[in-house]
Peer 1: 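Before anything else, here's the structure in question.
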Amino acid sequence: MPEKTLSDIQREVDDYISQFKEGYFSPLALMARMSEEVGELAREVNHYYGEKPKKADEAENSVEMELGDILFILSCFANSLNIDLTEAHNKVMHKFATRDANRWTKKITEL
């Protein structure tokens with residue numbers, strides 16, 4: 001399967017949502033859905049890496065699927081507000097590269 005860009009993902013999500021009369025949920029509803037999905041991710045991480053194993057009757061799920069759910073909701077949120085996630089990412093990376101340029105200990109690399 002070919003790699004997808006953030007723009008590809010946003011477009012794919014928009015094509016999916018555009019099939020339905022209801023369209024995107026409101027920003028408040030999307031925030032609630034995002035919070036719900038992050039909670040589900042926390043639960044999975046706790047089951048896999050924490051001290052709380054799953055109950056025998058609990059449904060199978062995975063960190064991968066929960067991250068996928070978050071990416072879907074994030075794309076919905078961005079699309080509903082006409083935000084280009086690639087542009088948002090670039091701005092954040094610039095912020096980290098300048099504001100935090102000397103904040104962390106860099107690895108020594110040989111040239």
Side-chain angles (χ1 to χ4, degrees):
M1 181 178 278
E3 288 188 24
K4 295 177 184 178
T5 65
L6 282 172
S7 294
D8 294 335
I9 292 168
Q10 282 191 258
R11 200 169 19 261
E12 186 175 8
V13 168
D14 193 58
D15 289 346
Y16 175 77
I17 296 296
S18 295
Q19 302 176 82
F20 307 107
K21 289 181 182 180
E22 294 81 2
Y24 290 104
F25 293 151
S26 71
L28 186 58
L30 287 166
M31 189 67 233
R33 292 224 30 225
M34 177 85 70
S35 298
E36 179 183 347
E37 294 300 343
V38 169
E40 291 175 14
L41 173 63
R43 184 177 181 88
E44 288 304 310
V45 169
N46 195 25
H47 288 317
Y48 283 102
Y49 305 105
E51 289 73 39
K52 184 181 176 194
K54 280 191 177 200
K55 295 176 188 172
D57 62 341
E58 256 184 291
E60 275 300 311
N61 211 339
S62 68
V63 170
E64 177 183 32
M65 286 300 295
E66 294 306 334
L67 286 170
D69 287 344
I70 291 169
L71 181 58
F72 178 81
I73 298 301
L74 179 65
S75 297
C76 287
F77 211 156
N79 288 351
S80 75
L81 298 172
N82 295 312
I83 294 172
D84 179 328
L85 285 174
T86 301
E87 186 177 320
H89 170 78
N90 290 340
K91 288 176 180 177
V92 168
M93 291 308 297
H94 175 74
K95 174 181 75 174
F96 287 132
T98 54
R99 182 190 71 189
D100 296 338
N102 297 309
R103 186 173 187 175
W104 311 107
T105 307
K106 292 191 178 179
K107 294 180 182 179
I108 299 172
T109 57
E110 293 183 38
L111 298 177

Peer 1: About how many Å separate OH of Tyr24 and CG of Leu30, when rounded to the nearest 0.5 Å?
Peer 2: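 Nearest 0.5 Å value for the CG-OH distance: 9.5 Å.
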Peer 1: For the atom pair CD (Glu44) and OH (Tyr49), what is the distance rounded to the nearest 0.5 Å?
Peer 2: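 With rounding to 0.5 Å, CD (Glu44) is 10.5 Å from OH (Tyr49).
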Peer 1: Would you say that Ile17 contacts Asn79 through its side chain, given a criterion of any heavy-atom pair below 4.5 Å between the two side chains?
Peer 2: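 The answer is no, as the side chains (C-beta and beyond) never meet within the 4.5 Å cut-off.
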Peer 1: Is it the case that more than 12 heavy atoms not belonging to Lys95 sit under 6.0 Å from its NZ atom?
Peer 2: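 More than 12 heavy atoms, drawn from other residues, nucleotides or ligands, come within 6.0 Å of this atom.
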Peer 1: Do the non-hydrogen side-chain atoms of Ile73 and Phe25 ever get within less than 4.5 Å of each other?
Peer 2: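 Ile73 vs Phe25: side chains apart.
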Peer 1: Answer yes when Arg11 and Asp14 have at least one side-chain N-carboxylate O distance shorter than 4.0 Å, and no when they do not.
Peer 2: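 Looking at Arg11 and Asp14, the cut-off is not met.
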Peer 1: Can you tell me how far the CG atom of Leu74 sits from the CE atom of Met34, to the nearest 0.5 Å?
Peer 2: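 Going from the CG atom of Leu74 to the CE atom of Met34 covers 4.5 Å.
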Peer 1: Does Phe20 CZ have over 12 foreign heavy atoms under 6.0 Å away?
Peer 2: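 Enclosed: over 12 neighbouring heavy atoms sit under 6.0 Å from CZ of Phe20.
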Peer 1: Please confirm whether the backbone N or O of Ile83 pairs with a side-chain atom of Gln10, one donor and one acceptor, at under 3.5 Å?
Peer 2: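 The answer is yes, because a donor-acceptor pair under 3.5 Å joins these two groups.
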Peer 1: Under a 3.5 Å cutoff, is there a donor and acceptor pairing between the side chains of Asn61 and Glu40?
Peer 2: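 The criterion, which ignores hydrogens and geometry beyond distance, is not satisfied for Glu40 and Asn61.
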Peer 1: Evaluate whether atom CG of Asp100 has more than 12 neighbouring non-hydrogen atoms of other residues, nucleotides or ligands under 6.0 angstrom away.
Peer 2: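 Yes.
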Peer 1: Counting C-beta onward and ignoring hydrogens, is there a side-chain heavy-atom pair between Pro27 and Phe77 closer than 4.5 Å?
Peer 2: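 In short, these two side chains touch, coming nearer than 4.5 Å.
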Peer 1: From Leu67 CG over to Glu64 CD, what is the distance, rounded to the nearest 0.5 angstrom?
Peer 2: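 One finds 8.5 Å between CG of Leu67 and CD of Glu64.
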Peer 1: So do Thr86 and Thr5 actually touch side chain to side chain, heavy atoms under 4.5 Å?
Peer 2: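 Thr5 does not reach Thr86 side chain to side chain.
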Peer 1: State whether the number of non-hydrogen atoms from other residues, nucleotides or ligands found under 6.0 Å of Leu28 atom CG is greater than 12.
Peer 2: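 Open: at most 12 neighbouring heavy atoms sit under 6.0 Å from CG of Leu28.
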Peer 1: To the nearest 0.5 angstrom, please state how far the CD atom of Glu12 sits from the NZ atom of Lys4.
Peer 2: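 It comes to 3.5 Å.
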Peer 1: Report the distance from atom CD1 of Ile70 to atom CD of Glu37, rounding to the nearest 0.5 Å.
Peer 2: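 Spacing of CD1 (Ile70) from CD (Glu37) equals 6.5 Å.
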Peer 1: Say whether Phe72 and Met65 are linked into one hydrophobic cluster, either directly or through other cluster members, by side-chain heavy-atom distances under 4.5 angstrom.
Peer 2: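 Per the 4.5 Å side-chain linkage, Phe72 and Met65 are not co-clustered.
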Peer 1: Hydrophobic clustering (ILVMFWY, side-chain heavy atoms < 4.5 Å, transitive) - are Phe96 and Leu6 grouped together?
Peer 2: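 They do not share one cluster, since no chain of ILVMFWY contacts under 4.5 Å joins Leu6 to Phe96.
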Peer 1: Step through the shown structure and confirm whether more than 12 heavy atoms of other residues, nucleotides or ligands are within 6.0 Å of OH on Tyr16.
Peer 2: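 No, the 6.0 Å shell around OH holds no more than 12 heavy atoms from other groups.
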